[in-house]
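Index from 1, following the sequence. Below, all heavy atoms of this structure are taken into account, side chains as well, without hydrogens, waters or symmetry copies.
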Amino acid sequence: MRILLLNPNTSAAMTARMAQAAEAALAPDVQITALTAATGLPYIASRAEAQLAGAAVLETLAAHHAGHDAAVIAAYGDPGLIAARELFDLPVVGMAEAAMLTACQLGARFAIVTFSPALLPWYEDAVALAGLSARCVGLYAVRRPFQVVIAVQDELRPEILALAERAVADGADAVILAGAPLAGLATVLRRAVPVPLIDPLAAALGQAQALVRLGTRPPTAGRFARPPAKPATGLTGPLARWIAHREGEA
């Protein structure tokens, strides 16, 4: 099995960190291809930035999805997720949706802990899009500014742990540590928190593998059937050809 791990920001260091963290979540017969967006921002922290990242997701998938069995969008707010599912004929999994669905299998209510208040509106939208607002205790963010985004899980670890404990006190049955820079931290802190801690990257990779093994066919009808061919103005390369159903052309 081959899974495309797509980092929709432009930080190659973040991609490398997530690829390393991903290894623990892969079955022995699974390989990942880790890719970094060619355009966009070093990290995504707003809904406007997520829109730009969503375009990069579609462009990267169009160029690289061939030969893969599933794709994981490796940013917590799932930029481009719904559009990617509509456009491409392989399972596409987002970290936010996967983490929340996993949390719902572990308890009645979950909480989300992240490293910056700037992320909260975007993450709140992700909860609503998944239809899970009633099962979310709340979203919690560290208020202390960080210095280097790739190092936030080390720099802000005491505050992240304190917020996870607060979420449990507020009634959370499971806690999601949200944001690509926090990949792998749930494993480090899991014995310090009395409810399950969920790593969104591990959840997304686990669900992607499960979907491939289910062997479901791509839809040809309904809400996620591939749209009809259409010419595009200003788009070039693999994405333009895919939208026009000319993907076999060089």
Side-chain angles (χ1 to χ4, degrees), residues 2-12 14-15 18-19 22 32-100 119 121-123 125-126 128-130 179-180 200-201 203-205 207-208 211-212 216-250:
R2 294 185 66 199
I3 296 176
L4 183 63
L5 180 66
L6 199 171
N7 175 14
N9 68 48
T10 58
S11 170
M14 189 79 70
T15 304
M18 287 191 289
I32 62 167
T33 304
L35 296 177
T36 307
T39 61
L41 302 119
Y43 72 98
I44 306 160
S46 72
R47 289 166 290 192
E49 293 169 3
Q51 289 291 319
L52 297 173
V57 164
L58 299 183
E59 290 172 352
T60 306
L61 280 171
H64 298 283
H65 78 279
H68 291 86
D69 301 293
V72 168
I73 300 174
Y76 186 79
D78 299 346
L81 175 63
I82 302 303
R85 283 183 178 158
E86 178 184 69
L87 201 55
F88 298 100
D89 294 334
L90 78 171
V92 183
V93 179
M95 287 182 14
E97 184 185 61
M100 289 185 284
L119 296 161
W122 181 28
Y123 288 2
D125 287 353
L129 180 62
L201 178 60
L205 287 166
Q207 291 189 17
L211 289 172
V212 174
T216 55
R217 60 170 289 176
T220 56
R223 296 169 63 88
F224 285 93
R226 185 178 175 185
K230 184 180 292 184
T233 300
L235 287 180
T236 60
L239 182 57
R241 291 194 294 273
W242 186 265
I243 291 173
H245 290 214
R246 296 187 291 105
E247 56 269 16
E249 300 179 10

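In plain terms, the two heavy atoms of Pro219 and Phe224 that are nearest each other are CG-O, 3.3 Å. In terms of heavy-atom proximity, Ala50 sits nearest to Pro79 at O-CB, 3.4 Å. Contact between Pro91 and Asp69 at its shortest, heavy atoms only, is CD-O, 3.2 Å. Ala180 and Ala74 get closest at one heavy-atom pair: CB-O, 3.9 Å. Nearest heavy-atom pair across Ile73 and Pro8 is CG2-CG, 4.2 Å. When all heavy atoms are compared, the tightest approach of Val212 to Ala70 is CG2-CB, 3.6 Å.
Residues passing the salt bridge (charged side-chain N to carboxylate O under 4.0 Å, His left out) test with Asp89, sequence neighbours excluded: none.
Atoms CZ and CD1, on Arg226 and Ile243 in that order, are 9.5 Å from each other to the nearest 0.5 Å. How far CE of Met95 is from CG of Leu201: 5.5 Å, rounded to the nearest 0.5 Å. Between atom CG of residue Leu41 and atom CD of residue Glu49 there is a gap of 5.0 Å, rounded to the nearest 0.5 Å. In this structure, Arg85 CZ and Leu90 CG are separated by 11.0 Å, a value rounded to the nearest 0.5 Å. The structure places CG of Leu6 at 6.0 Å from CG of Leu35, a figure rounded to the nearest 0.5 Å.
By the 4.5 Å heavy-atom criterion applied to side chains, Leu87 and Pro227 are counted as neighbours. At least one side-chain heavy atom of Ile82 sits less than 4.5 Å from a side-chain heavy atom of Leu129. At a threshold of 4.5 Å between non-hydrogen side-chain atoms, the residues Leu211 and Thr216 do not count as touching. The side-chain heavy atoms of Trp122 and Ile44, taken from C-beta on, include a pair separated by under 4.5 Å. The closest side-chain heavy-atom distance from His68 to Ile3 is not below 4.5 Å. Side-chain atoms of Leu5 and Val72, non-hydrogen and from C-beta on, do get closer than 4.5 Å to each other.
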What donor-acceptor contacts under 3.5 angstrom involve side-chain atoms of residues 56-67, with partners at least two apart or in another chain?
from	atom 1	to	atom 2	distance (Å)
Thr60	OG1	Ala56	O	2.7
His65	ND1	Leu61	O	2.7

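At least one donor-acceptor pair under 3.5 Å links the side chain of Asp78 to the backbone N or O of Glu97.
Counting non-hydrogen atoms of neighbouring residues, nucleotides and ligands closer than 6.0 angstrom, the CZ atom of Phe88 exceeds 12 such neighbours.
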